[in-house]
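Every chain is numbered from 1 and lettered A, B, ... according to where its sequence line falls, protein lines coming before strand lines.
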Protein chains: 2
Amino acid sequence: MDDLDLPTAAPATIEEFRDRLTEITDGLPRRLRQCADHIAANIDRIAVSTVAELAAGADVPPSAVMRFCQILGYSGFSEMQKLFREAYAPGFPDYSTRLKNLKDGGAGSPSALLAEFIEAGRLSLEALAKSADETALAQAVSVLAGADMVHVIGLRRAFPVATYLAYVFEKMSVPAMLHDGVGKLDHRHALRAGDAVLAITFAPYSEETIALAQDARDRGLPVVALTDRPTSPLARTADAILTVPEVDFGAFRSLSATIALAIALAVAVGSARG
Amino acid sequence: MDDLDLPTAAPATIEEFRDRLTEITDGLPRRLRQCADHIAANIDRIAVSTVAELAAGADVPPSAVMRFCQILGYSGFSEMQKLFREAYAPGFPDYSTRLKNLKDGGAGSPSALLAEFIEAGRLSLEALAKSADETALAQAVSVLAGADMVHVIGLRRAFPVATYLAYVFEKMSVPAMLHDGVGKLDHRHALRAGDAVLAITFAPYSEETIALAQDARDRGLPVVALTDRPTSPLARTADAILTVPEVDFGAFRSLSATIALAIALAVAVGSARG
DNA sequence: GTGGTTTTGGAATATTTATTCCATTTCCAC
DNA sequence: GTGGAAATGGAATAAATATTCCAAAACCAC
């Protein structure tokens, strides 16, 4: 009568919980599997749900959910929920109150603007986490890591990103050249066989950036694009395309997500080169 | 027997809830006030608490909490909690799972790096929300709004911020000049009476930036500083000092918070000038 | 202090929610 | 198909939780 199936203890942290979940999901009978899937997809709602709600969501009877909790090693649903209720409070404790206060300064007040930009930045970062394309990123890294020199171009609102990339490449000893358009000098003849281009542009796309990318393409150099949509004009010329979902507030975008992606790219390239 | 005390309906959003809370807190008898205070301080935990827990936290009997909910206009605690349970999911739905997955790519993998930078950016923004000094911001805005021309200087890793500021000022038709150090040209003679300087620098502080700020100071021009600590060398020369708590990951900082603050400042200045 | 009003605490009750149990069904090896 | 084991659904029960109610206490104006 011994239950030797599950000598493992119940997960005590959310990390462990996630691991355990992916670990056991295969090889679970139909109903229990529905539970696992639904819970995995709604892990953040466990803390505020009832057994009945979860069961309805997974389209199983409540008893199935109970069994599932027990398979995971808990005595029941309540014990499992406890984990999530306690862990709950991710940076949120005071943050939203504070934002509210800032906004109370009145629409258009400096503090209210700040609150809006902070919020836009945060949303952008979260959206990036959700939408980032790992494959494209890996490919971009490999393209740039193999280049003799990286030519960085980004103008107008993409310029800050380009300059930060240039700074990071410099710090990581990656040979890089920033095409900044100073003096309307055109440096396209600096492109040499073995080099690669990293082009950054957002709608309305800057002509010079697209032209440089096209030029590189014509000469057979690989191009990595950092842009806002898969339909961007850079898509045609790029060997790897990274899109970044930036939330605008008013006429200006936050750049938070773009910069996060850009630095990750640059650092990855830097370490790939050793 | 009519209850004409509370013709107002129960708050239907968290915003309204907060407003209502601050509105009624004064003029509440002792126990109810304890409830109000404790709830205000733990607003983010309502969704995952029971009446008994809340009551214990506020050091009142459960019935006091019930009464409090009813005063707010709800039929009881459950109805009030419903609001918070539903509103719960602030961008978090899938975000943390996703971050975890990105990190699973392995330490040092491009995705893992990206996850780290996203997280650093988010933490920085939250920290900024908590620590932002509204008074200093308002003062910085008034100083810059009154200037004939704004001189922006920021080098090395502050350079991207400076360029973005220059971009925003340009878009908002604020006369601004970016001191970029191109060609090692020194533009300090461009400073004229009536102008103001916006200097950005982080440890290790760039000499040129400090020098320009000092120069402006000597000539009696106002200086606004955007820096990392109140002890920054700019503190001595600045008329308004904005500090920004940026979370580093590895050798690089995210800039998210700095940029959010910078744009808010620029847009506020732009609209203050009409 | 007195009478009336408001506030309070806690015990009693109602409701919701979790959990167990077992008869029925499904699955699978033979 | 048959027998045995595993899985399932739902009804019954147990536990936790919310809610009400009222007697006692505190408060306040006079």
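Within residues 49-57 of chain B, no residue has any heavy atom under 4.0 Å from DNA chain C.
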Collect all protein-nucleotide pairs involving nucleotides 3-8 of chain D in which both atoms are nitrogen or oxygen and the distance is under 3.5 Å.
unit_1 : atom_1 : unit_2 : atom_2 : d
D:dT8  : OP1    : A:R31  : N      : 2.9

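Because its NZ or CZ atom is not both nearer than 6.0 Å to the ring centre of B:Y164 and within 45° of the ring axis, A:R157 does not count as a cation-pi partner of that residue.
Here C:dT19 presents its P atom at 14 Å from CG of A:L72, a figure rounded to the nearest Å. Rounded to a whole Å, the CE atom of A:M80 is 10 Å from the P atom of C:dT19. In this structure, A:Q81 atom CD and C:dT17 atom C1' are separated by 10 Å, rounded to whole Å. If you take CZ of B:R33 and P of C:dT8, they are 12 Å apart, rounded to a whole angstrom. One can place CD of B:E79 at 9 Å from P of D:dT19, the figure rounded to the nearest angstrom. Here the C1' atom of nucleotide C:dT19 and the CZ atom of A:F68 are 17 Å apart, to the nearest Å. Taking atom CE of residue A:M66 and atom C1' of nucleotide D:dA16, one finds them 13 Å apart after rounding to whole Å. In this structure, A:K82 atom NZ and D:dT17 atom P are separated by 12 Å, rounded to whole Å.
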Notebook entry, point to check: Could you go step by step and tell me if A:E53 and A:R45 meet the salt bridge (charged side-chain N to carboxylate O under 4.0 Å, His left out) rule?
Noted result: CA-CA 10 Å; A:E53 285 165 4; A:R45 296 211 64 82; over 6 Å; no
Note to self: Walk me through whether B:E79 and B:K82 qualify under salt bridge (charged side-chain N to carboxylate O under 4.0 Å, His left out).
What the structure shows: CA-CA 5 Å; B:E79 190 178 304; B:K82 195 157 143 253; over 6 Å; no
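Taking the six-membered ring where the residue is Trp, the centroids of A:F68 and A:F77 are separated by 6.0 Å or more. Two rings, from A:F84 and A:F17, have their centers less than 6.0 Å apart.
A:R31 places no side-chain N or O within donor-acceptor distance of the main-chain N or O of A:A64, the cut-off being under 3.5 Å.
For the 3.5 Å distance criterion, the side chains of A:Q70 and A:R67 fail to qualify, holding no donor opposite an acceptor. When only modelled atom types and interatomic distance are considered, B:S254 and B:E246 share a side-chain donor-acceptor pair under 3.5 Å.
Put simply, B:Q70 has a side-chain N or O that comes within less than 4.0 Å of OP1 or OP2 on D:dT20.
Annotation: ring-ring contact (aromatic ring centres under 6.0 Å, His included) contacts of A:Y74 (sequence neighbours excluded): none.
The side chain of A:S78 has C:dA18 as its nearest neighbour among C:dG10, C:dT20, C:dA18. Each of C:dC21, D:dA18, C:dA18 was ranked by its minimum atom distance to the side chain of A:S63; first place goes to C:dC21.
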